[in-house]
Colleague: 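Handing you a structure now.
Throughout, protein chains are lettered first and strands after them, A, B, ... in sequence-line order, and every chain is numbered starting at 1.
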2 protein chains.
Amino acid sequence: MKYHNTDFYALPGGFVRLNEDLNTAVRIGLKERTGLDNIFLEQFYTFGNVSRFKPEIMKQIMEVNGGVNENVWILERFISVAYYALINYDDVELTPDAISESCDWYDLDNLPELIFDHKEIISKALATLRANLETKLMGVNLLPPMFTMKDLQKVYEAILDEKLHRGAFQRKILSMNLLKRHEKQFSGAAHKAPFLYSFER
Amino acid sequence: MKYHNTDFYALPGGFVRLNEDLNTAVRIGLKERTGLDNIFLEQFYTFGNVSRFKPEIMKQIMEVNGGVNENVWILERFISVAYYALINYDDVELTPDAISESCDWYDLDNLPELIFDHKEIISKALATLRANLETKLMGVNLLPPMFTMKDLQKVYEAILDEKLHRGAFQRKILSMNLLKRHEKQFSGAAHKAPFLYSFER
DNA sequence: ATTTATTGTCTCACTTTGTGACAATATTAA
DNA sequence: TTAATATTGTCACAAAGTGAGACAATAAAT
């Protein structure tokens with residue numbers, strides 16, 4: 001997200017209310033930004049260094065948004081519990097919050113400069129996601145209800161940032177017995193039609 | 001730890017000061033309880049449900065320890081960032097904090113009943129440790145500087161709670177090239193003396 | 001000198017993984 | 001109608017990894 005009238009970019013985030021579950025706060029924040037419910041979310045790290053906080057930046061942001069009078073607490077040091085979500089790009093309607101002028105997708109290799117330690121947060125998210133990819137589920141939420149093996153392979157290749165061997169990938173995924181195979185679609189392309197799969201079980 | 005004049009058992013923990021790094025706070029707490037510095041520590045989850053907090057219990061504990069007047073904040077809901085450490089049992093001098101009457105080791109299969117969600121915290125710690133055992137390091141801090149392959153295998157078997165095949169274990173560990181082999185010790189036992197290893201590299 | 005327990009290593013079978021090959025097939029081109 | 005093209009599902013084979021037992025080596029006790 002980009003804050004109003006600044007050059008500050010940041011990951012979307014929020015605060016946990018005194019009487020609110022941490023996970024609930026995260027889901028509410030996600031819903032506000034994306035409109036999505038029931039999304040796969042994983043907490044991966046809690047960032048708690050004092051040095052990660054820069055009150056000057058926070059002050060600048062708040063001043064553009066009407067001053068800091070009522071919200072003195074926002075100028076104090078805070079600790080951030082970070083989550084990543086797996087979201088289907090196309091399902092999302094991105095909505096900035098009150099103090100931001102935009103909320104957008106950015107390619108990993110084309111990120112704007114981010115405030116605080118948000119770049120590091122992204123690195124850690126990606127590392128955790130890659131490490132979990134083998135054990136945990138797969139393209140849930142990232143794919144439509146029905147998808148081809150190639151679609152799924154592309155998800156894996158995007159996350160791992162490497163090419164996978166087609167035959168081995170198919171063999172491995174099918175051996176997990178997590179996918180249900182459906183009727184073929186006639187895709188309209190000039191080749192054999194692929195099976196469709198879903199995550200049902 | 002067991003709190004003074006109660007039947008409440010809890011994991012050791014502490015609070016993060018306003019101007020203190022999260023990781024520093026954890027290391028200080030660990031040092032206070034164990035006397036140990038420079039220990040392998042891994043953050044594994046942040047517990048933030050409102051329901052995990054039971055003010056009645058906290059009140060009881062504080063009343064036995066001189067009332068709650070000055071420490072009203074301790075009766076409010078809090079969020080816990082959980083870490084596990086790998087520690088050599090023998091290096092430790094356990095020291096309870098001011099409000100506890102004991103700080104002790106308990107076998108996993110002989111735990112006292114714990115307050116709040118501390119049982120769940122242990123489960124999650126163990127699950128994370130087991131999952132990381134393959135990828136991450138191994139018995140650092142859990143073993144003396146020099147140890148035998150059998151010592152190391154026992155650490156793995158304790159953590160995983162299963163027997164491992166001796167030959168396969170040795171082959172796998174050695175193939176990691178993380179151990180330095182030293183001179184044999186003459187152990188005094190009635191059999192071939194084992195090599196000694198260290199984690200140096 | 002013999003026995004006993006444990007170690008270091010090897011071999012064999014079995015499983016998993018990487019790689020290319022093949023036929024099948026939906027569409028386009030000839 | 002036939003041939004060409006691209007991609008799919010599957011298999012075969014080699015390479016690598018894993019589980020299990022076997023065997024000689026050896027430190028101490030008998």
Colleague: Strictly by modelled atom types, are Asn65(B) and Tyr3(B) linked by a side-chain donor-acceptor pair under 3.5 Å?
Modeller: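 No - no donor-acceptor pair under 3.5 Å links their side chains.
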
Colleague: For residues Glu101(A) and Asn5(A), is any side-chain donor paired with an opposing acceptor at under 3.5 Å?
Modeller: no

Colleague: Leu164(A) CG to dT19(C) P: how many Å, rounded?
Modeller: 11 Å

Colleague: Please tell me which of the listed nucleotides, dG20(C), dA21(C), dG21(D), lies nearest to the side chain of Arg166(A)?
Modeller: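 My answer, after comparing the listed nucleotides, is dA21(C).
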
Colleague: Is it possible for you to check whether Arg181(A) lies under 6.0 Å from the centre of the six-membered ring of Tyr197(A), through NZ or CZ, and within 45° of that ring's axis?
Modeller: no

Colleague: Which is true for Ala168(A) with a 4.0 Å heavy-atom rule: it touches a base, it touches only sugar-phosphate, or it touches nothing?
Modeller: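 Base, at least one base heavy atom under 4.0 Å.
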
Colleague: Take atom OH of Tyr156(A) and atom P of dT17(C), then tell me their distance rounded to the nearest Å.
Modeller: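 To the nearest whole Å, that distance equals 13 Å.
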
Colleague: Tell me which nucleotide among dT9(C), dA5(C), dT10(D) gets nearest to the side chain of His191(B).
Modeller: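 Ranking dT9(C), dA5(C), dT10(D) by closest atom to the His191(B) side chain puts dA5(C) first.
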
Colleague: Which whole-number value in Å describes the distance from Met149(B) CE to dG8(C) P?
Modeller: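 Rounded to whole Å, this separation is 7 Å.
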
Colleague: Does the gap between the ring centers of Phe47(B) and Phe116(B) come in under 6.0 Å?
Modeller: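 No: the rings miss the under 6.0 Å criterion.
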
Colleague: Output the rounded distance in Å from CZ (Arg171(B)) to P (dG21(D)).
Modeller: 14 Å

Colleague: Could you pick out which residue, Ala190(A) or Gln170(A), lies toward the 5' side of DNA chain D when each is mapped onto its nearest nucleotide?
Modeller: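 The residue closer to the strand's 5' end, by nearest nucleotide, is Ala190(A).
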
Colleague: From the list dG8(C), dA20(D), dT8(D), which nucleotide is the closest neighbour of the side chain of Lys150(A)?
Modeller: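 Ranking dG8(C), dA20(D), dT8(D) by closest atom to the Lys150(A) side chain puts dT8(D) first.
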
Colleague: Return the value, rounded to whole Å, for the distance between atom NZ of Lys163(A) and atom C1' of dG18(C).
Modeller: 17 Å

Colleague: Just the rounded figure in Å: distance from C1' of dT8(D) to CZ of Arg181(A).
Modeller: 10 Å

Colleague: Calculate the interatomic distance between Leu174(A) atom CG and dT16(C) atom P; express it in whole Å.
Modeller: 15 Å

Colleague: Of Lys172(B) and Phe195(A), whose closest DNA chain D nucleotide lies nearer the 5' terminus?
Modeller: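 Its nearest nucleotide lies further toward 5', so the answer is Phe195(A).
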
Colleague: In whole angstrom, give the distance that lies between atom CZ of Phe169(A) and atom P of dG20(C).
Modeller: 18 Å

Colleague: In a check of side chain to side chain contact (heavy atoms under 4.5 Å, CB included) between Leu86(B) and each of Leu143(B), Val155(B), Leu129(B), which one passes?
Modeller: Leu129(B)

